[in-house]
Q: 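Got a structure here, written out as structure tokens. Questions coming.
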Amino acid sequence: MSEKIKAVIFDLDGVITDTSEYHYQAWKKLADEEGITFTRDDNNKLRGVSRSECLKILLNGKQVSTEQFQEMMDRKNRYYVELLKQMTSKNILSGAKELVLEIKRRGIKTAIASVSKNTRTVLQGTGIEDLFDVIVDGYSVKNTKPAPDIFLSAAKELGVKPEDCVVIEDAEAGIEAALAGNILPIGIGPEERVGKARFRFEKIGDITLTKLLEIMNF
Ligand code: B16
Ligand code: MG
């Protein structure tokens, strides 16, 4: 059967892997060292947002020099990369790999579109680097989410029109990016975070191929 939708573009952090916890721990360590209050709730505001935007949100108006800003970004990334060393296939969110495999068996293309510059490390560490047809990451585009560029770049590399793709995202910025690119977004997470998505699931494991096909042929 020929599907109306030709490709599924997956966000990485919070959709395929549980690495948002490592991002939290790394930002928390930096925040503690700098005497800044930072909670798990605050961490939700950093989902899908580039490293420099994350630091701006964390600093919450606190003035620092350009050098200090760069040093803090580097320090957080060192902490994050250190945490990534313990990664295994157990860091793949339940049901995510099975869903990608089912989609591929159906003849639908797949891509990863993550603003993370550590995308390759995460995919290698979890052993799924070869699972996707296309990988675009924080090095692929200048304008990060909520700009649509990363998803448009994925669609272009897949050779599929944006309107023939769906995006699966856990971040408000990612849902906005998909909408801005005329791509149908499916949200993963609570209503208050991904409520702007056309369809929403609590977790990736709740999406089955049947449900996805219903949405895709909508
Ligand atoms: P890095 P995604 C995003 O990944 C994360 O959700 C976000 O919290 C992080 O700041 C961003 O990557 C940049 O990551 O510091 O590793 O370059 O959700 O787009 O897969
Ligand atoms: Mg994400």
Side-chain angles (χ1 to χ4, degrees), residues 8-31 38-59 69-85 87 91-93 96 100 110-126 128-129 131-132 134-154 167-178 180-181 183 185-190 193-194 196-197 200-201 203-204:
V8 181
I9 302 173
F10 292 87
D11 172 56
L12 177 64
D13 175 43
V15 169
I16 299 291
T17 60
D18 63 2
T19 30
S20 46
E21 176 60 24
Y22 292 154
H23 277 297
Y24 167 69
Q25 288 177 22
W27 283 123
K28 176 72 180 150
K29 191 164 168 143
L30 179 83
F38 184 67
T39 65
R40 270 175 206 282
D41 208 32
D42 294 331
N43 191 54
N44 275 329
K45 295 179 209 144
L46 309 187
R47 279 179 190 259
V49 178
S50 71
R51 200 179 305 164
S52 57
E53 279 305 313
C54 287
L55 182 55
K56 278 187 208 156
I57 295 169
L58 187 108
L59 288 171
F69 192 89
Q70 186 61 48
E71 185 280 324
M72 284 183 203
M73 282 203 299
D74 293 346
R75 196 175 352 144
K76 182 270 171 176
N77 195 52
R78 275 202 314 278
Y79 296 153
Y80 181 59
V81 170
E82 195 53 41
L83 289 165
L84 291 183
K85 287 185 185 155
M87 245 182 343
N91 292 92
I92 301 172
L93 288 162
V100 178
T110 58
I112 280 285
S114 167
V115 299
S116 174
K117 291 185 170 164
N118 294 295
T119 293
R120 294 272 171 186
T121 310
V122 171
L123 292 172
Q124 278 161 12
T126 49
I128 50 171
E129 205 192 6
L131 190 61
F132 301 90
V134 160
I135 297 167
V136 290
D137 64 14
Y139 293 105
S140 311
V141 292
K142 204 163 125 257
N143 301 320
T144 55
K145 303 165 189 174
D149 304 31
I150 194 137
F151 294 138
L152 295 179
S153 167
V167 156
I168 306 188
E169 252 294 346
D170 71 314
E172 187 177 15
I175 303 292
E176 287 171 356
I183 305 178
I186 300 174
I188 303 289
R193 197 172 75 215
V194 295
K196 289 180 191 159
R200 187 182 72 81
F201 295 86
K203 47 190 197 308
I204 186 89

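Indexing begins at 1, ligand by ligand and atom by atom, following the structure's order.
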Q: Looking at R193 and D170, would you say the former's side chain and the latter's main chain have a donor-acceptor pair under 3.5 Å?
A: yes
Q: Assess, by modelled atom type and distance only, whether the side chains of D137 and N118 contain a donor and an acceptor separated by less than 3.5 Å.
A: no
Q: A cation-pi test, strictly: NZ or CZ of K203 under 6.0 Å from the centre of the six-membered ring of F201 and no more than 45 degrees from its axis. Yes or no?
A: no
Q: Do any nitrogen or oxygen atoms of S114 come within less than 3.5 Å of a nitrogen or oxygen of ligand 1?
A: yes
Q: Between M72 and L59, what is the shortest heavy-atom contact and its length?
A: SD-CD2, 4.1 Å
Q: N118 versus ligand 1: do any nitrogen or oxygen atoms come within less than 3.5 Å of each other?
A: yes
Q: Has N43 got a side-chain atom pairing as donor or acceptor with R40's backbone, closer than 3.5 angstrom?
A: no
Q: How far is atom 3 (C) of ligand 1 from its nearest protein heavy atom, and which residue and atom name does that atom have?
A: V115 CG2, 3.6 Å
Q: Looking only at the aromatic ring of each residue, does the gap between the centers of Y22 and Y79 stay below 6.0 angstrom?
A: no
Q: Strictly under 4.0 Å, does any heavy atom of C54 approach an atom of ligand 1?
A: yes
Q: May I ask you to check whether S116 has an N/O atom sitting below 3.5 Å from an N/O atom of ligand 1?
A: yes
Q: For atom 15 (O) of ligand 1, what is the nearest protein heavy atom, given as residue, atom name and distance?
A: R51 NE, 2.7 Å
Q: Please check: side-chain N/O of R51 versus main-chain N/O of M73, any donor-acceptor pairing under 3.5 Å?
A: no
Q: Taking both backbone and side-chain atoms of K117, is any N or O found less than 3.5 Å from an N or O belonging to ligand 1?
A: yes
Q: Please report the number of protein N, O or S atoms that lie less than 2.8 Å from the Mg ion (ligand 2).
A: 3
Q: Compute the minimum heavy-atom distance from K145 to ligand 1 and say whether it is under 4.0 Å.
A: yes
Q: Flag the pair K142 and D149 as a salt bridge only when some basic side-chain nitrogen lies within less than 4.0 angstrom of an acidic carboxylate oxygen.
A: no
Q: Closer than 4.0 angstrom: is that true for some heavy atom of G48 and an atom of ligand 1?
A: yes
Q: Report the nearest protein non-hydrogen atom to atom 8 (O) of ligand 1: residue, atom name, distance rounded to 0.1 Å.
A: L46 O, 2.8 Å
Q: Donor-acceptor pair, distance only, cut-off 3.5 Å: does the side chain of D13 make one with the backbone of S20?
A: yes
Q: If you round to the nearest 0.5 Å, how far is CD1 of I204 from CG of D11?
A: 9.5 Å
Q: Which residue owns the protein heavy atom closest to atom 5 (C) of ligand 1, what's the atom, and how far is it?
A: D13 OD2, 3.0 Å
Q: Looking at E172 and K196, is any side-chain nitrogen of the basic one under 4.0 Å from a carboxylate oxygen of the acidic one?
A: yes
Q: I need the nearest protein heavy-atom contact for atom 9 (C) of ligand 1: residue, atom name and distance, please.
A: V49 O, 3.3 Å
Q: Under 4.5 Å between any side-chain heavy atoms of L55 and W27, yes or no?
A: yes
Q: Judging by distance only, is a nitrogen or oxygen of D11 under 3.5 angstrom from one on ligand 1?
A: yes
